[in-house]
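Let me begin by presenting the structure, written as structure tokens, before commenting on it.
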Amino acid sequence: MNGKSDFLFRERTDRLREIDIPLAVVTVLMLAFGVVMVYSASSYNAELNYGNEFFFMIKQIIGCVGGLVSMTALTKLDYRRLHKLRFVLIILSAVLLALVLIPGVGMENYGARRWLNLGFMTLQSSEVAKICFVIYAAAYMSKNYGKMTAVRGWLPLAAVGCVLCVLIMLEPSMSVTMCVVFVMLTMLIMGGMRIMHLIFVLVPLAALAVILILIEPYRLARLLAFLDPWSSPLEEGYQLLQSYYGLGAGGLFGVGLFNSRQKYLFLPFAESDFIFSVIGEELGLIGCALVMLGFAFMIYRLIRIAKNAADRFGCYLSGGMAALIGIQVAINIAVVSGCIPPTGIPLPFISSGSSALVAFCGGIGICQSVRLRSHVSVRAVL
Amino acid sequence: MRQTNSLTKTLKRLFAIFIAITFLFCALFVRLFVLQILTGGELTRKAADQWYRDLPLVAERGNIYAGGGELLAGSEKAYDIYARPNAVTEKSRAAAVLSDTLGISITAAEEKLSEKRSEVTLARKASAETAADIDEAGLSGIYCVASPKRTYPYGSMLSKVIGFTNIDGKGQNGIEGYYDKYLSGTDGYLYADADIAGRETGGSISYVPAVAGCDLTLTVDADIQSFAESAVMAAHAEWQAKSCSAIVMDVNTGGIAALASYPSYDLNDIPRNDIELLNLLSKNMLITDVYEPGSTFKIFTTAAALECGVANDSSRYYCGGSMTVDGQRIRCWRSAGHGSQDLADGVKNSCNCVFMSLALSLGTERFYDAIEKFGFGSKTNIDFFGESAGIVMKEENVKTVDLARIGFGQAIAVTPLQLITAVSAAVNGGTLYEPYFLSKVSSDGNVIYEHTPKVVGNPITPETSSRLRELLVGVVESGGGSKAQVSGIKIGGKTGTAQKYENGAIAAGKYVSSFVGFAPADDPEYAVLFIVDEPSGYTYYGSLTAAPYAGRIFSRIADAEGWQRDSVEEAEMIQMPDTIGMDVSDAVKLLESRGLVVETEGSGDVKSSVPIAGDLVAVGDVVFVRGKEDP
């Protein structure tokens with residue numbers, strides 16, 4: 001890094017207006033939309049169980065504030081500082097993931113340990129771990145980009161990813177594992193991994209997935225339920241059918257905001273993992289399409305930042321974030337629409353859950369930081 | 001070759017990743033399109049099942065009344081009791097209350113309340129008190145829904161006509177079934193938005209009121225029906241018959257005034273669990289089943305002969321005990337023969353030879369024309385399910401022998417309903433009406449439909465009808481129908497005794513004995529057909545078994561309708577002569593010389609007589625002698 005570029009970066013950092021405005025706008029819109037949808041999906045449940053219809057909405061607003069704070073802070077922070085912090089971050093992730101597994105420390109919910117109780121809020125370790133892994137992978141690949149085409153180049157990174165995956169799988173959380181695996185593969189492709197190597201990795205991975213499904217009875221039951229939800233409408237197939245009902249009732253234009261019928265406790269996790277079904281019910285196919293367009297636009301902006309980044313680290317960071325958001329959105333919608341077996345994974349920026357909000361907003365902040373510090377001339381060319 | 005990892009390659013791959021994600025989103029959009037647009041309607045319908053708590057508002061079923069306004073079928077308040085297991089909060093108390101009120105065990109109640117279904121039926125048609133008790137207990141998740149119960153105040157009376165409903169109040173058979181669409185009305189609904197536990201969410205409540213069914217009034221006269229009911233029961237007891245039935249028809253409209261059959265069953269206690277028994281008891285055989293009419297059919301042979309002019313008052317016929325047709329010897333019922341008779345005597349004696357002659361002189365074409373015009377071989381179109389058309393040989397297959405047999409009521413099968421409908425036409429001046437049960441339909445007291453008698457045709461002229469009445473009056477006054485006499489009332493009629501066929505062969509000792517008559521004979525109002533199916537013992541003649549009960553019905557109708565009774569001189573009573581040991585033919589001559597009408601069984605020496613020697617018997621009454629040798 002020479003003095004000239006240092007000077008340029010400093011100059012641009014002074015003017016926060018240089019951030020990617022469309023990305024910021026779409027992020028804030030997503031958050032606001034999320035608050036509205038969380039309220040709509042949860043008000044009945046909240047009133048019934050907590051005596052306050054705004055219970056989940058208030059939590060969501062607090063999460064959004066936290067998200068905006070982390071986004072702003074990370075925008076201001078020079079992303080290259082993260083390069084130095086990569087080991088700290090990845091070890092922190094592993095520790096957090098390990099902590100939830102300890103009975104008494106990790107909170108158990110619905111048969112899985114995924115949360116840490118921090119007193120004032122609950123922290124979902126895997127949400128933090130996903131972002132940290134993106135940072136670590138970006139740092140590793142930018143440092144070792146020369147040998148990424150060779151096995152010895154990408155294998156250490158894959159190994160780190162696998163350790164995280166194993167920890168997440170122990171929670172257990174199949175969907176987050178799946179998400180991390182896909183993000184890792186996408187980043188490896190970005191980092192220059194040879195396609196032949198990728199194929200050699202994918203085949204045993206697919207075999208492993210089959211084994212993982214077969215050894216856990218609940219996974220097999222869910223898979224069978226997924227293949228024919230009507231055969232067990234009250235047990236395994238229940239959740240999927242309820243999601244179908246909501247989407248089906250929505251039709252093209254939806255039943256109108258706040259008019260969901262499925263939120264009357266029929267649809268489990270209506271405000272979190274299955275919020276997309278409520279969106280489909282209330283706002284119809286058009287609403288769904290708009291949300292997907294929003295995410296696509298966000299991903300497009302992130303890819304654009306990646307292209308214009310001043311260095312490989314910034315490029316990989318932004319590309320990784322784009323992949324993370326794209327993959328998680330795709331998995332969530334695929335689950336809600338019954339394309340893949342039901343697994344619990346939130347819709348970024350919209351689903352209820354403070355950890356995810358803070359983590360994803362932080363991720364966007366990092367990308368804004370990349371954008372602020374990218375080279376003017378490069379941006380002018382592209 | 002070692003691959004380089006240039007920045008260009010990274011940018012290319014970034015672009016590829018973006019395309020891949022976009023493609024993924026597009027694929028998901030297609031999936032959403034399929035779910036939301038293509039299958040959306042079906043999914044919504046399925047989802048609606050869980051979204052609403054729908055309380056069916058059962059439409060009040062219409063009542064069925066007899067012609068005089070007597071309630072034959074009505075509804076009383078009853079309740080179906082349901083539970084939504086996941087809305088039951090106090091399971092043990094609920095089980096205790098249900099056990100108390102419904103008389104089920106606590107464990108059974110708890111099991112029901114633990115079922116993994118959204119709705120469980122606990123009891124059906126529970127009384128209003130039971131429902132009130134459950135309501136008072138204030139249990140959440142338990143619901144009482146009004147579900148009226150059908151009641152039949154007259155129990156077994158007219159049961160085969162009225163029919164019954166299933167447990168859901170849908171008409172199954174009889175009038176309840178045939179007119180179900182009028183009676184049932186339209187159910188209403190109360191839809192309330194509810195959450196998964198059935199709690200109302202305070203959303204929309206839509207109310208579709210039920211539209212009550214219409215009330216029906218039948219042609220059936222409750223008084224005449226009860227006369228018919230008691231007559232069939234008494235006849236069943238006296239003759240130990242398989243069944244006894246009666247139809248009373250208003251000859252001037254075709255309306256059914258009474259239709260009774262025994263054995264019968266109580267509509268309030270239907271043997272729903274024994275389908276075979278239920279089918280047997282609920283089947284209205286007078287409409288659905290055919291029988292060989294025997295001598296009652298001679299009415300139509302006579303009518304056709306008079307109408308076509310092949311017989312008149314001066315015609316004479318000889319009966320030598322049998323007649324040979326196409327080389328086949330067909331016997332008259334009295335083997336001794338009736339000798340030379342005019343038409344009136346032939347009808348009075350019910351001489352088979354006379355009717356064979358009539359049928360033969362009519363010829364197939366003219367006789368069949370008359371048979372068709374009287375409605376045989378086709379359905380009467382009465383408002384009832386399962387009517388049979390009867391069995392009439394194809395005209396082109398009728399041989400001379402068959403023609404002769406049809407002349408006295410064999411080789412043809414009719415339904416009792418067809419027979420009485422045709423008899424009504426024969427005696428009412430010659431107009432054939434479509435028989436019917438429903439006289440009017442009313443809704444909220446307003447008559448919305450009233451049946452007008454429907455004329456089907458005119459098989460004979462009023463003159464022929466009038467002459468026929470005279471001949472049939474003769475049968476009751478001094479012929480085989482004399483036991484149907486009612487003092488002071490002029491009655492016409494004809495008896496019939498037909499052997500039953502089983503599996504294509506004559507069933508020994510099994511008869512259908514019947515009498516069909518009408519009164520008042522000069523201007524008939526009602527026709528009565530009385531059938532005794534398989535009377536036991538030797539007194540199986542229609543003249544002895546059915547005629548007296550038809551007479552009993554006429555007598556009571558006369559009282560109820562206030563018919564003017566002519567003053568009559570007391571019938572001369574004589575002592576029954578002792579005929580035991582005489583030859584049957586000698587005995588017949590002796591009894592006839594004393595003015596009695598004789599029915600016989602067997603030949604040779606007389607073994608027994610009814611009544612026994614020395615008993616008082618009215619001149620002109622029917623008596624019975626039995627020979628030692630079986631026929």
Side-chain angles (χ1 to χ4, degrees), chain A residues 44 48 145-150 153 186 189-192 194 234-235 241-242 244-252 254 259 261-266 280 284-285 288-289 292-293 295-296 299-300 302-303 306-307 312 315-316 318-319 322-323 325-327 329-330 333-334 336-339 382, chain B residues 1-53 86 115-118 193-204:
Chain A
Y44 184 75
L48 202 68
Y145 75 92
K147 56 182 183 185
M148 280 307 287
T149 50
T186 312
I189 292 167
M190 213 187 297
R194 291 165 71 177
L234 292 179
E235 283 92 30
L241 284 191
Q242 294 303 333
Y244 279 175
Y245 288 158
L247 290 171
L252 184 60
N259 291 340
R261 294 301 329 278
Q262 287 295 89
K263 69 181 173 190
Y264 291 107
L265 312 183
F266 295 108
L285 183 63
C288 291
M292 287 165 81
L293 270 178
F295 281 116
I299 291 159
Y300 162 71
L302 292 174
I303 298 277
K307 274 183 169 175
R312 280 184 184 270
C315 171
Y316 294 150
S318 263
I325 292 170
I327 287 164
V329 168
I333 296 176
V336 167
S337 62
C339 298
L382 287 163
Chain B
M1 192 185 90
R2 189 194 157 95
Q3 286 197 350
T4 55
N5 196 8
S6 68
L7 206 58
T8 331
K9 181 177 155 192
T10 305
L11 293 182
K12 268 186 188 166
R13 289 200 166 179
L14 267 179
F15 183 68
I17 287 163
F18 178 66
I19 295 299
I21 289 173
T22 310
F23 177 78
L24 211 54
F25 278 23
C26 288
L28 289 171
F29 178 79
V30 170
R31 172 68 184 158
L32 287 170
F33 180 84
V34 170
L35 274 179
Q36 302 200 265
I37 309 299
L38 301 186
T39 61
E42 198 197 330
L43 288 170
T44 312
R45 266 193 301 285
K46 284 182 173 149
D49 276 353
Q50 66 182 17
W51 289 343
Y52 303 104
R53 218 180 88 202
N86 53 15
E115 275 184 42
K116 248 196 156 182
R117 282 192 288 154
S118 65
D193 288 3
D195 75 2
I196 194 165
R199 287 175 289 236
E200 282 174 28
T201 58
S204 66

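Convention: sequence-line order gives letters A, B, ...; per-chain numbering from 1.
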Please flag which part of [X] lies under 4.5 Å from any non-hydrogen atom of chain A: side chain, backbone, both or neither.
X     : value
B/L24 : side chain
B/L7  : both
B/T22 : neither
B/L35 : both

Residue selection (most heavy-atom pairs with chain B, distance under 4.5 Å) from [options]:
options                        : answer
A/C288, A/G319, A/G250         : A/C288
A/L48, A/I189, A/T186          : A/I189
A/I303, A/I327, A/V336, A/N259 : A/I303

Practice item. Using atom types as modelled and distance alone, determine if a side-chain donor or acceptor of A/Q262 lies under 3.5 Å from a backbone N or O of A/Q242. Key: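 Pair found, side chain donor or acceptor close to backbone of A/Q242.
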Check your understanding: Looking only at heavy atoms, which two atoms of B/Q36 and A/L247 are closest? And how far apart?
Key ->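 What the structure gives for the nearest pair is NE2-O, 3.0 Å.
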Review point. How far apart are the closest heavy atoms of A/T149 and A/G146, and which atoms are they?
Key: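 The answer is OG1-O, 4.3 Å.
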Review point. Got a sec: does the CZ of B/F18 have more than 12 other heavy atoms crowding it under 6.0 Å?
Key: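 More than 12 within 6.0 Å, yes.
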Exercise for review: Tell me, for A/F295 versus chain B, whether the close heavy atoms (under 4.5 Å) come from the side chain, the backbone, both or neither.
Suggested key: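 For A/F295, heavy atoms of backbone and side chain both lie under 4.5 Å from chain B.
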Practice item. Under 4.5 Å heavy-atom distance to chain B, tell me which part of A/A334 shows up: side chain, backbone, both or neither. Key: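 Both parts, backbone and side chain.
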Practice item. May I ask you to test the B/T10-A/M148 pair for a side-chain heavy-atom distance under 4.5 Å? Key: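 A side-chain contact is absent here, since even the closest heavy-atom pair is not under 4.5 Å.
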Review point. Do B/L14 and A/M190 have side-chain heavy atoms sitting under 4.5 Å apart?
Key: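 The answer is yes, as the side chains (C-beta and beyond) meet within the 4.5 Å cut-off.
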Review point. Rounded to the nearest 0.5 Å, how far does OH of A/Y245 lie from CD of B/E42?
Key: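 B/E42 CD to A/Y245 OH: 9.5 Å, rounded to 0.5 Å.
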Point to revise | Atom pair CD1/CD1 of B/I19 and B/I17 - distance to nearest 0.5 Å | key: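 That separation rounds to 11.0 Å.
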Exercise for review: Tell me, please, which residues at least two apart from A/Y44 pass side chain to side chain donor-acceptor pair (under 3.5 Å).
Suggested key: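 Once residues adjacent in sequence are excluded, the partners of A/Y44 under the side chain to side chain donor-acceptor pair (under 3.5 Å) criterion are B/D195.
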Check your understanding: By number, which residues in residues 25-32 of chain B have some heavy atom less than 4.5 Å away from chain A?
Key ->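 Checking residues 25-32 of chain B against chain A gives B/F25, B/L28, B/F29, B/R31, B/L32.
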